[in-house]
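Side chains are part of it too, since the values below use all heavy atoms of this structure and drop only hydrogens, waters and symmetry mates. Starting from 1, each residue takes its place in the sequence as its number.
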Amino acid sequence: MGTVSHDAINQFKALMDQVEEPLKGAYQNVHQGYHAETLARFLKAREWNVIKAHKMLVDCLHWRVQNEIDNMLTKPIIPADLYRAVRDSQLIGMSGYSREGLPVFAHGVGLSTFDKASVHYYVQSHIQINEYRDRIVLPTASKKYGRPITTCVKVLDMTGLKLSALNQIKVQFSVLETFCFTRRALSLNLVLITWLTFKIMDAASLPHFCKREGSGSSRHSEYTNENCFSLDHPFHQQLYNYIKQQSLVSEPTQPIKQGSVHVDLPEPAAEGTEIVKTIESEMHKLENGNGLSGSLDGLKINDNSDYRTTHCP
């Protein structure tokens with residue numbers, strides 16, 4: 001990291017040292033003790049402009065406070081059958097770790113239907129996954145590997161994605177990127193996955209849809225516990241049990257409340273739609289060049305670690 005970067009981080013840190021409660025508490029949940037890495041992420045998202053990065057982070061903290069994001073891991077989606085329906089129609093999961101120790105998260109973009117519950121449940125679930133990742137998974141990985149791990153690998157499965165569904169994809173990525181800090185995404189093509197992917201992770205860490213030809217992001221994997229989208233997968237079991245336990249700790253004398261959490265979604269910045277434009281462009285190329293019928297079966301991920309949004313990088 002060069003002198004300019006260090007100077008920018010130091011200036012940014014000086015500004016953040018002036019933040020008072022309740023933003024200060026929200027900021028602690030964001031940085032998890034890794035100030036420099038967190039500030040660098042926001043600076044990168046705003047081209048190392050300290051003033052713009054500071055505004056971005058403060059806006060993010062205000063949004064977290066106003067929507068009680070710091071308490072999101074105390075609000076389970078119940079009953080379990082409802083949460084299973086959410087998992088079956090919002091395909092997100094963690095399949096393992098890269099060789100560098102980065103958590104590998106998979107998103108079944110093409111086959112997610114978002115039709116089993118209200119949009120509020122999907123937003124609530126997505127925030128909970130991201131909060132659990134940032135506050136539990138990443139700090140645990142950092143301790144295990146003895147170095148700061150503040151990013152992850154995202155694998156997007158485009159199986160079943162059609163040109164006619166691009167409007168829905170824009171909604172998905174609006175939700176996805178609104179709550180995701182800048183993480184590391186990989187550009188992979190299914191035909192290259194056998195050699196390209198193994199450069200960064202072992203076979204055991206691959207999402208299930210990469211292991212069996214033609215399986216796609218199937219909701220009904222032959223081995224349910226291998227399907228990282230399923231509620232039966234260890235990651236989702238650990239997450240769900242953690243949230244239920246936290247709800248009892250926060251309100252030990254109160255029954256667990258049913259109902260979704262309503263969160264105000266900030267409008268993503270124009271830059272945040274770049275991934276959608278890339279997907280649309282690639283699909284048109286496939287359709288025009290290969291005579292495809294408008295569907296993209298397989299894996300396609302953009303190599304762009306600088307997806308940006310209004311409130312969080």
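- Smallest separation of non-hydrogen atoms from H31 and Q28: NE2-CA, 3.4 Å.
- Annotation: side chain of L102 is in contact with side chain of T151 (closest heavy-atom distance under 4.5 Å).
- S95 is linked by a side chain to side chain donor-acceptor pair (under 3.5 Å) to nothing, counting only residues two or more places apart in sequence or in another chain.
- Residue L61 is not grouped with residue Y34 when hydrophobic side chains (ILVMFWY) are merged at heavy-atom distances under 4.5 angstrom, including chains of intermediate members.
- Checked by atom type and distance alone, the side chain of Y240 pairs as donor or acceptor with a backbone atom of I77 at under 3.5 Å.
- Side-chain N or O atoms of Q237 include none that pairs as donor or acceptor with a backbone N or O of N241 at under 3.5 Å.
- At distances below 3.5 Å, at least one donor-acceptor pair connects side-chain atoms of S250 with backbone N or O atoms of S247.
- Residue pairs that meet the ring-ring contact (aromatic ring centres under 6.0 Å, His included) test with at least one member in residues 127-158, sequence neighbours left out, are Y132-F235, Y132-Y242.
- When only modelled atom types and interatomic distance are considered, Y27 and T38 share no side-chain donor-acceptor pair under 3.5 Å.
- Within the model, atoms NZ of K13 and CD of Q11 stand 13.5 Å from one another, a figure rounded to the nearest 0.5 Å.
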Does D134 form a side-chain contact (heavy atoms from CB on, under 4.5 Å) with V30? I'd like the steps, not just the answer.
CA-CA 7 Å; D134 292 348; V30 170; over 6 Å; no

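- Criterion: ILVMFWY side-chain heavy atoms under 4.5 Å apart, direct or through other members. Under it, L43 and I51 are not part of a common hydrophobic cluster.
- A donor-acceptor contact shorter than 3.5 Å links the side chain of R135 to the backbone of D70.
- Between the side chain of Q66 and the backbone N or O of D264 there is no donor-acceptor pair closer than 3.5 Å.
- Side-chain atoms of Q124 come within 3.5 Å of backbone N or O of V261 as a donor-acceptor pair.
- Looking at Q32, its side chain never comes within 3.5 Å of a backbone N or O of P139 through a donor-acceptor pair.
- Between Q238 and I136 there is no side-chain heavy-atom pair separated by less than 4.5 Å.
- Partner of R84 under the side-chain contact (heavy atoms from CB on, under 4.5 Å) criterion, chosen from V86, D88, L82: D88.
- Minimum heavy-atom separation, F229 to G93: CD2-N, 3.8 Å.
- To the nearest 0.5 Å, atoms OG1 (T74) and CD (E131) are separated by 11.0 Å.
- The CG atom of N227 sits 8.0 Å away from the NE2 atom of H233 when rounded to the nearest 0.5 Å.
- By the 4.5 Å heavy-atom criterion applied to side chains, Y121 and Q90 are not counted as neighbours.
- Every residue meeting the side-chain contact (heavy atoms from CB on, under 4.5 Å) condition with P103, not counting sequence neighbours, appears here in chain and number order: M94, Y97, F105, V137, L138, I149, C152.
- Partner of S125 under the side chain to side chain donor-acceptor pair (under 3.5 Å) criterion, chosen from H120, R87, H236: R87.
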Decide side-chain contact (heavy atoms from CB on, under 4.5 Å) for I243 and Q246; before the verdict, give the C-alpha distance in whole Å, the side-chain angles of both, and the deciding distance to 0.1 Å.
CA-CA 5 Å; I243 295 175; Q246 291 301 305; 5.7 Å; no

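- L57 places a side-chain heavy atom less than 4.5 Å from the side chain of M16.
- At least one donor-acceptor pair closer than 3.5 Å links the side chain of Q128 to the backbone N or O of K75.
- Counting only heavy atoms from C-beta outward, the side chains of I78 and Y83 never approach each other to under 4.5 Å.
- Side-chain contact check for I256 versus P76: some heavy-atom pair is nearer than 4.5 Å.
- In terms of heavy atoms, E37 sits closest to P148 at OE2-CG, 3.6 Å.
- Checked for salt-bridge contact, E100 and R147 miss the test: no charged N lies under 4.0 Å from a carboxylate O.
- Atoms CG and OH, on D115 and Y122 in that order, are 5.5 Å from each other to the nearest 0.5 Å.
- Heavy atoms of other residues, nucleotides or ligands lying less than 6.0 angstrom from CD of E20 number 12 at most.
- Ion pairing between a basic and an acidic side chain is recognised when a charged N comes within 4.0 Å of a carboxylate O; D59 and K55 show such pairing.
- Between H54 and F12, the ring-plane angle classifies as perpendicular under the 30° and 60° cut-offs.
- Contact between L231 and A80 at its shortest, heavy atoms only, is CD2-O, 4.1 Å.
- Distance check, rounded to the nearest 0.5 Å: OG of S5 to CG of N10 gives 10.5 Å.
- Contact record, R64 with A26: NE-O, 4.1 Å, taken as the closest heavy-atom pair.
- For the pair S112 (side chain) and L91 (backbone), a donor-acceptor distance under 3.5 Å is present.
- Using a 4.5 Å heavy-atom cutoff, the side chains of V263 and H126 are not in contact.
- Looking at every heavy atom in both residues, G101 comes nearest to A141 through O-CB, 3.9 Å.
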